[in-house]
Amino acid sequence: MHAPVLTIIPLLLGSFLAVMAGWTRKSLVYPIGVLALILSSTFSVQLVMQVLSEGTMTYDLGGWSPPWGIVFIVDTFSAFMIALLIIGALATFVTCRDEIMAHFEEKSAAFVSLILLTLAGHVGIVSTGDLFNLYVLIEVAALTGYALLGLGNSRAVLSSLNYLCIGSVGASLYLLGVGYLYMLTGSLNMTDLTSVLQTFPPNASLRAAIVVLFLGLWVKMALFPFHGWLPGAYSNSSATTATLLAPMTTKVMAYVVIRLLTTVFPGGLAIPEALPEIAVVLATLAIFAGSAMAFRQTNIRRMLAYIVVAEVGYMVGGAFIGNRMAMTGAMLHILADAAMTLTLFLAVCNIARKRGSLELSNLQGLFKSMPFTMAAFVLGAMSMIGVPPLFGFFSKWYLLTGALQAEQYPFMVALIVSSLVNVVLFFRFFEVAFFEKPENNPGLLEVRWIRVAPVALVALLLIAAGLSTGLIVDKIIAGVIPASLI
Amino acid sequence: MLDIFAQFTAKYNYWAYIVIMMVGLFAMIAKRNLIKKMIGLSIFQTSIMLFYVAIGAKKGATIPILLSGTDPHHIDATMYVNPLPHVLMLTAIVVGVATLGVALALILRIYEKHGTLEEDEIISQIRSS
Amino acid sequence: MLPPLLAVPGIISARTPNLRETWTFAAALLLLAAVVGMTPGVMAGASYTWVLAEVIPGAPIAFRADALGMLFALVSSSLWVVTSAYTIGYMRSLKEHAQTRFFAFFAVSIFCTVGVAFSANLLTMYLFYELLSFSTYPLVAHHQDAESRRAGRKYLTFIVGTSIGLVLPAMIIIHNITGNLDFTQAGVGLAGVDSTTITILLTMMLFGFAKAALIPIHAWLPAAMVAPTPVSSLLHAVAVVKVGAFSIMRVITGTFGVENLQGLHLNDWVTTIAAFTMIAASLVALSQDGLKRRLAFSTIGQLAYIALGAGLMNAAGLTGGMLHIAMHAFGKITLFFCAGAIFVATGEKYISKMNGIGRRMPLTMTAFFLGSLSIIGIPVAGGFYSKWFLLNGCLDAGSWWLAGALLLSSLLNAAYFLPIVYRAWFCPPDEATFTGPIKEAPLACVVPPLITAAVSVALLFHPDPFLTLAKMAAGS
């Protein structure tokens, strides 16, 4: 009954207790974090089961009913996404234990607390059904993200500050858009807004409101050309933070865009006609630009960050193309990209642990010394490239089909070119890891099994999810897209 | 022409908010000093708060606390300013304060490490290290 | 309803050499047993199907064992057993490194090959095609030196570049038009589509399946010869390249449909491309001094025969093309085995240095001779049969110039094979080249080519089950 909120409560409690433990008994900090995450994961899985059997769940916070009260709406896609986010964070937490506890020393309690808070913020973003509540949760997630990203060397701090500026502008633009909408319709609740807009006459203010709203979200999800904050933030920060945030932030913002497009403005309601076209153009440019810029990078994490920029293009393009196939592709891609990015960044975490620097020249002979980590990385890379039966292939399939049906040929070309560029990017790394030998030639130097198990599980999940795509589309996605979208 | 001028003067406050917003944005982009950038961010966020509050304003209305002696079943909404935007902006102010706090903490770290608050000097220090 | 792939053990992970080799053999024999077990049923007209996962509406991951697939699977699985024996001898004699990785990826590659053979629709075939590209990369790059790095790069560029760049969009367009990617369609869904679209789609498929090595996307094949010879023999003479040619055959018969294509006169387009590759590759082969490179170009030409058979689109042509999958496999693998045996025994890779080697390695060179006769098409070995059908197909289609091209190509085959045999037997050995006493290659390297050579000869007199399967597949 209380399931939608139960996923967040352990996280909030956990973050509070972690700070307390940091003052009293340091050794409890990590177990509290793990416990909170496990509890939260259990509740999220329970939520998925409930939603799959009973249908969309709504939860009125504090008992106040909408449209005045804030409501949490969880449908199949949200529930699945919540579970993925929390389990992904758990995987990162378990893998990066040494980094969290040892690397930050006196700040580890704060670090754990911030991790739990940012996760709570992101889960809230996915669950909420109120526009202003969404702003607040976006900022909660973002602020804790800024703090997390700032816990590193001075480059990290500067990148975090940069992210802070750009992210705050984005959130403020979103807030401005919500303000306009409130001014025009008097409602902040998503479902209420839709019903008001059904009978609303066309209005320049309304069009401006929606443009500003989406602009703010695009800035937050690093859509080209607002992507400037992302590479710096994800490559200069500590490996743990990047692994935590990379699968979360951009995907959750893409989720928000899709939520708005399917629930609040279904069937292009009130959306100015130019907006989807511009969005698809930006998405195509994002794919080309992200792939091109990834090419020039010699640091693995920076390369992955630019690939994330390209992946954002996939999701936004799919969402705005405007047919069912493309929307399905975008939603699948959110799930797939979260999993793929998590795999790749987790593997890179392990590699950084053993090798230190992540410059290509330092990564020789990795296949021999870290075979399991590299095997997981290869699976993640093949999913990015789009090799069946991995999950990434099927989301690409739907996106390509949707683009074909809408005759968006540049987008199709961008998708194919991006796959080919990914082959080159990843094989550039694989060549160094396979053909070259490191100077001291240590032989097998893999990380402990507790660090390999999560990344291996997520990599295998890519295969399992790929094979179950039919099931995922039928059960989880198809019901969420409004029937009017063909 | 007169029409546009009339529209402009009728909604002069909204125009002011936009000017303030642009001032804030300009400060964030053009200024090299980190503190000035943060001031710009503050100004930017403040302009949006002003915008919201202006939405709720009504001519001749008073603050949204029920006047003494009003019948609880017959409240005339036009007499009171809309409280919802005020409430929303209280939240937004808190968010703004928190953002500023985090930003200042980050700037403090940068200052400790680099000894300067000018962005170009910091970047050249990082590049040369 | 046998799930064909459950019989293919995937990864061999044992570390100790003997245990690992036992696994390899066990896996190969299991696969062969499973495939042979299904053969009688398929030859009687049944076809086993199994759906693994409903991933995309109209394109599940599904398997079907029908005549054409059976033919290919039989060839691959029987040759895997033989190749395993050969590989073990080869790798041990040369004391190659990373043998566990080698055998593991070898098994995965065969798994993918059988997967392609038994695919029921285009998506499944594409899936195993892609997996095959990536699983053969560590085999091509096995030596981990600069040359294999370049070769690996070329390999990926051509094979993955074309499959993602050409086949994937074509597949999506076809799925969008027909809603179904099954191979039983025989072009039903594409019947009304205009000829430009079909031509473009067909061309994308022809060049997209770069494993079939049609010119101009053939350059990966000679480059891949840096791999150890067991890789070159089974994969690049039989499995990988045949996957490409098989895919073309499947797509033409199953997805586009021969009636459709003939109606649009696209058979001429396919046969022209095939004939060009046939002649050009044979001409280049004449100029190659490296034995494996000459065999590689010969393979390119021979694959074009299969494409030619598909392009002829009549019963004789199709039968000939499909039969050639089997005949060429047995013949070419013999030749590659011999090349490897020569390398193991003498360290030689160049034909000009192989004078008089027949005296020293009589068994090997006899096998070579028989294999080359099969490829040339002389009625001593099975290759004659497939060429006979192809020739009949050309004449049935009324195309004299194609028949002429076929004969010219056979002459060229003779021109680049027989001199090798001549040199080996009739030229005096260059004493300076051979330093130590040359004897035959180790038994494990000599017996397999003799076996496959014998089978090549036997196939002339006893072409079943391949001929029956080919006729069944062509007739349907």
Side-chain angles (χ1 to χ4, degrees), chain A residues 325 328 332 365 367-368 371 375 378-379 381-382 385-391 393-394 396-407 409 412-413 415-424 426-428 430-437 463-474 478, chain C residues 11 13 51-61 97-98 100-101 104 115 123-135 137-138 141-150 152-153 155-157 159-177 179 181:
Chain A
M325 276 290 186
T328 314
L332 270 177
F367 275 106
K368 196 160 164 142
V378 166
L379 282 177
M382 300 221 305
I385 294 171
V387 178
L390 293 148
F391 204 10
F393 171 75
F394 294 105
K396 237 175 226 179
W397 176 284
Y398 275 97
L399 286 171
L400 281 167
T401 312
L404 178 67
Q405 284 175 352
E407 296 176 10
Y409 300 120
M412 270 187 87
V413 170
L415 286 172
I416 305 255
V417 167
S418 157
S419 303
L420 293 171
V421 169
N422 280 349
V423 175
V424 177
F426 284 113
F427 269 89
R428 212 171 41 168
F430 292 153
E431 277 188 5
V432 171
F434 185 67
F435 289 102
E436 297 181 17
K437 290 202 198 338
I463 302 182
L467 289 173
S468 345
T469 306
L471 221 69
I472 293 178
V473 171
D474 281 338
Chain C
I11 311 295
S13 59
V51 178
L52 172 62
E54 295 276 354
V55 283
I56 288 174
I61 297 184
H97 69 290
T100 309
R101 176 185 79 203
L123 179 67
T124 316
M125 195 168 83
Y126 177 78
L127 191 154
F128 284 106
Y129 188 93
E130 287 294 291
L131 285 179
L132 185 62
S133 313
F134 288 108
S135 67
Y137 178 82
H142 181 83
H143 287 134
Q144 289 177 271
D145 55 13
E147 203 192 340
S148 52
R149 186 172 176 158
R150 275 197 300 276
R153 223 176 251 197
Y155 189 72
L156 280 181
T157 315
I159 291 192
V160 175
T162 50
S163 65
I164 293 184
L166 293 173
V167 177
L168 182 60
M171 188 167 54
I172 290 196
I173 295 174
I174 293 177
H175 183 250
N176 197 36
I177 297 176
L181 286 174

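Note on naming: letters A, B, ... go to the chains in the order of the sequence lines (proteins, then strands), and numbering restarts at 1 for each one.
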Trainee: Ring centres under 6.0 Å, that's the criterion: do C/Tyr126 and A/Phe393 meet it?
Mentor: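 That pair passes the under 6.0 Å test.
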Trainee: Between A/Leu404, A/Val424, A/Leu415, which residue shows the highest count of heavy-atom pairs closer than 4.5 Å to chain C?
Mentor: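 It is A/Leu404.
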Trainee: Just so I understand: if I count every heavy-atom pair under 4.5 Å between each of A/Leu471, A/Thr401, A/Val417 and chain C, which residue has the most?
Mentor: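 Heavy-atom pair counts peak at A/Thr401.
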Trainee: Does a side-chain heavy-atom distance below 4.5 Å link C/Leu131 with A/Met382?
Mentor: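 Yes. Closest side-chain heavy atoms under 4.5 Å.
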Trainee: How long is the gap from CD on C/Glu130 to CD1 on A/Ile385, to the nearest 0.5 Å?
Mentor: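 Interatomic distance, C/Glu130 CD to A/Ile385 CD1, rounded to 0.5 Å: 9.0 Å.
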Trainee: How far does CD1 of C/Ile164 sit from CG of A/Leu420, to the nearest 0.5 angstrom?
Mentor: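 It comes to 5.5 Å.
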Trainee: So, taking the atom named CE in C/Met171 and the one named CG in A/Leu400, what distance separates them when rounded to the nearest 0.5 Å?
Mentor: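 If we round to the nearest 0.5 Å, C/Met171:CE and A/Leu400:CG are 9.5 Å apart.
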Trainee: Where on C/His175 is there a heavy atom nearer than 4.5 Å to chain A: the side chain, the backbone, both, or neither?
Mentor: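 Only the side chain of C/His175 comes within 4.5 Å of chain A.
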Trainee: State, with a plain yes or no, whether a side-chain heavy atom of C/Leu123 is found less than 4.5 Å away from one of A/Trp397.
Mentor: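 They are in side-chain contact.
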Trainee: Is there a side-chain contact between A/Ile416 and C/Pro169 (heavy atoms, below 4.5 Å)?
Mentor: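 They are in contact (side-chain heavy atoms under 4.5 Å apart), so the answer is yes.
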Trainee: Within a strict 4.5 Å, meaning less than it, do heavy atoms of the A/Glu431 and C/Arg153 side chains meet?
Mentor: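 Counting from C-beta outward, A/Glu431 and C/Arg153 do come under 4.5 Å.
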Trainee: For C/Phe134, which atoms come within 4.5 Å of any heavy atom of chain A: side chain, backbone, both, or neither?
Mentor: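 Side chain only.
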Trainee: Under 6.0 Å between ring centres: does that hold for A/Phe430 and C/Tyr137?
Mentor: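 Between C/Tyr137 and A/Phe430, which both carry aromatic rings, the centre distance is not below 6.0 Å.
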Trainee: If you tally heavy-atom pairs under 4.5 Å against chain A, which of C/Pro138, C/Ala146, C/Gly152, C/Ser148 wins?
Mentor: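 The candidate making the most pairs under 4.5 Å is C/Ser148.
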Trainee: So which of C/Leu156, C/Ile61, C/Thr157 has the biggest tally of heavy-atom pairs under 4.5 Å with chain A?
Mentor: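 Greatest number of close heavy-atom pairs with chain A: C/Leu156.
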Trainee: So for A/Phe435, is it side chain, backbone, both, or neither that comes closer than 4.5 Å to the heavy atoms of chain C?
Mentor: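 For A/Phe435, heavy atoms of backbone and side chain both lie under 4.5 Å from chain C.
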Trainee: Using non-hydrogen atoms only, which part of A/Met325 is less than 4.5 Å away from chain C: side chain, backbone, both, or neither?
Mentor: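 Contact with chain C is absent: no heavy atom of A/Met325 under 4.5 Å.
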Trainee: May I ask you to name which of A/Pro389, A/Gly470, A/Pro388 has the most heavy-atom pairs under 4.5 Å with chain C?
Mentor: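 Looking at each of A/Pro389, A/Gly470, A/Pro388 in turn, A/Pro388 comes out on top.
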Trainee: For the CE atom of A/Met412 and the CD1 atom of C/Ile173, what is their distance to the nearest 0.5 Å?
Mentor: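 CD1 of C/Ile173 is found 5.5 Å from CE of A/Met412.
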Trainee: Any idea which heavy atoms bring A/Tyr398 and C/Pro57 closest together, and the distance?
Mentor: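 Shortest heavy-atom separation between A/Tyr398 and C/Pro57 comes out as OH-CD, 3.5 Å.
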Trainee: Going by heavy atoms in the side chains, are C/Val160 and A/Val387 under 4.5 Å from each other?
Mentor: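 C/Val160 vs A/Val387: side chains apart.
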Trainee: What part of A/Phe427 gets closer than 4.5 Å to chain C, counting heavy atoms only: side chain, backbone, both or neither?
Mentor: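 Only the side chain of A/Phe427 comes within 4.5 Å of chain C.
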